[in-house]
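Let me begin by presenting the structure, written as C-alpha cells, before commenting on it.
From a predicted model like this one, the values you see are computed outputs, not experimental measurements. First listed ligand is number 1; within each ligand, the first listed atom is number 1. Numbers here are sequence positions counted from 1.
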Amino acid sequence: MLELDGVCKTYREGDIEVHALHDVNLSLDASSFCMIVGPSGSGKSTLLNLIGALDRPTRGRVVIEGQDINLLPDRELTRFRAERIGFIFQSFNLMPVLTAYENVEYALLQTGMPKAQRRARTDELIEAVGLGAHRAHRPNQLSGGQRQRVAIARALVKRPALVLADEPTANLDSSNGRAIVALMRDMQQHFSTSFVFSTHDPMLLGHAHQVLHASDGRVTCEAPATTPMEPAAC
Ligand SMILES: Nc1ncnc2c1ncn2[C@@H]1O[C@H](COP(=O)(O)OP(=O)(O)OP(=O)(O)O)[C@@H](O)[C@H]1O
Ligand SMILES: [Mg+2]
C-alpha cells in the first residue's frame with residue numbers, strides 16, 4: 001500500500017543544504033499500525049510529510065496505493081491527498097466555532113455526498129470514537145483527549161486508505177496519550193485503514209505492528225517482538 005524507494009529529502013535555504021532523509025527504503029502493507037520513533041531533528045516529520053504527499057522527495061520514489069506521487073501534477077496530488085489520506089495533528093486543529101459533530105461532518109462537505117449519507121457516516125464515526133454524548137460540544141468545551149477523538153473521527157470519516165499523525169499525543173498527559181493510541185489502533189482494525197504516527201513516548205512501542213527508527217535522516221524498520229499481532233514486512 002505504501003513504498004518508499006531510495007527516498008532522499010534535502011532542504012535548501014540559500015547556500016545551506018540540510019539532508020533531512022537519506023536513502024529511505026520501506027514498504028508498508030495495507031491495514032498496518034506503524035510507529036515512527038527517533039530524536040528531535042531525526043527526520044520523523046519530514047518522512048510523514050512525504051508519506052502524506054504534502055511534500056515531494058528530492059530523489060527516489062514514494063508510491064501510495066500504486067500511485068507514484070512524483071508523477072502527479074500539483075492539482076491531482078491535492079485531490080489524491082484529500083481523498084485517500086487522513087491527517088491527525090498534535091494540536092488537534094479543530095474549528096472552534098463548530099461542534100464536535102460539525103467538525104467531523106465538515107470533512108465531507110466538499111465530497112458531494114448526499115446529506116443523509118453524510119449524516120450517517122458522521123454519526124458512525126462520532127459513536128466509534130466514544131463522543132456520542134459530546135457531539136454538540138464545541139472544542140473549548142472538550143478535554144484535550146476528547147478533542148483528539150474528534151480529530152480521529154474527522155481523519156477517518158472519508159474512509160481514507162492511510163491516516164497519518166505527527167505526534168498526536170504530544171499535547172496530552174501520558175494516560176490520555178496511551179488511550180488515544182489504543183483508540184487509533186481500534187479504529188485501524190475496525191476500518192482496515194493503515195495508520196502511521198510519530199511519537200517520543202517509548203511506552204507506546206508495544207502497540208505497533210511495525211516500528212520505524214529515525215536517526216540522523218536514516219530510517220530502519222523493525223517488527224517489535226512484544227506485539228501479539230502478525231509483524232508486517234519492512
Ligand atoms: N522546511 C524546512 N527547511 C529547512 N530545514 C528543515 C525543514 N524542515 C525540517 N528541516 C530540517 O530537517 C531535519 C529533520 O527535521 P524533522 O522536522 O523531520 O525532524 P523531527 O524528527 O520531526 O524532529 P522533532 O522530533 O523535533 O519534531 C532537521 O535538521 C530540520 O532542521
Ligand atoms: Mg517533528
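- Within 6.0 Å of CZ on R56 lie more than 12 heavy atoms contributed by other residues, nucleotides or ligands.
- Panel detail: the Mg ion (ligand 2) has protein N, O or S atoms under 2.8 Å away, 1 in number.
- Atom 6 (C) of ligand 1 has as its closest protein heavy atom Y11 CD1, 3.2 Å.
- With atom 15 (O) of ligand 1 as the reference point, the heavy atom nearest to it among N49, V37, T46 is part of T46.
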Identify every side-chain donor-acceptor pair in residues 14-21 under 3.5 Å, counting partners at least two apart or on other chains, and give the distances.
residue: E17; atom: OE2; partner: R12; partner atom: NE; Å: 2.8
residue: E17; atom: OE2; partner: R12; partner atom: NH2; Å: 3.1
residue: H19; atom: ND1; partner: T10; partner atom: OG1; Å: 3.2

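- Of the charged side-chain nitrogens involved, at least one lies within less than 4.0 Å of a carboxylate oxygen, so that R84 and E65 count as a salt-bridged pair.
- When only non-hydrogen protein atoms are considered, atom 31 (O) of ligand 1 lies nearest to V18 CG1, 4.8 Å.
- For A214, the heavy-atom gap to ligand 1 stays at 4.0 angstrom or more.
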- Step-by-step side-chain contact (heavy atoms from CB on, under 4.5 Å) determination, F195 to H209: CA-CA 10 Å; F195 272 71; H209 292 133; over 6 Å; no
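- Note on ligand 1: P39 sits in its first shell, one or more heavy atoms being nearer than 4.0 Å.
- Residue contacts with ligand 1 include H200, since one of its heavy atoms falls under 4.0 Å from the ligand.
- For atom 3 (N) of ligand 1, the closest heavy atom belonging to the protein is E13 OE2, 3.4 Å.
- Near G43, meaning under 4.0 Å from any of its heavy atoms, are these atoms of ligand 1: 14 (C), 18 (O), 19 (O), 20 (P), 21 (O).
- The protein non-hydrogen atom at the shortest distance from atom 25 (O) of ligand 1 is K44 NZ, 2.7 Å.
- Taking 4.5 Å as the limit, every side-chain heavy atom of S194 sits out of range of all side-chain heavy atoms of L2.
- Annotation: atom 17 (O) of ligand 1 to nearest protein heavy atom, S45 CB, 3.7 Å.
- In terms of the salt bridge (charged side-chain N to carboxylate O under 4.0 Å, His left out) criterion, R218 has no residue partners (sequence neighbours excluded).
- Grouping the Ile, Leu, Val, Met, Phe, Trp and Tyr side chains by contacts below 4.5 angstrom, directly or via other members, places L98 apart from V129.
- Scanning the protein heavy atoms around atom 27 (O) of ligand 1, the nearest turns out to be E167 OE2, 3.6 Å.
- Ligand 1 does not have R12 within reach: every non-hydrogen atom of the residue lies 4.0 Å or more from it.
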- Task: Apply side-chain contact (heavy atoms from CB on, under 4.5 Å) to F197 and D166, showing your working.
- Result: CA-CA 6 Å; F197 71 102; D166 198 357; over 6 Å; no
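- H207 has its side chain out of reach of M35: every pair of non-hydrogen atoms, C-beta onward, lies at least 4.5 Å apart.
- Nearest heavy-atom pair, I180 versus G145, reported as atom, atom and distance to 0.1 Å: CD1-O, 3.6 Å.
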Pairs of donor and acceptor atoms involving the side chains of residues 85-92, under 3.5 Å and at least two apart or interchain, shall be tabulated with distances.
residue: S91; atom: OG; partner: N93; partner atom: OD1; Å: 3.2

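- Between A20, G41, S40, it is G41 that holds the heavy atom closest to atom 28 (C) of ligand 1.
- In this structure, D55 pairs ionically with K9, as a charged nitrogen and a carboxylate oxygen lie closer than 4.0 Å.
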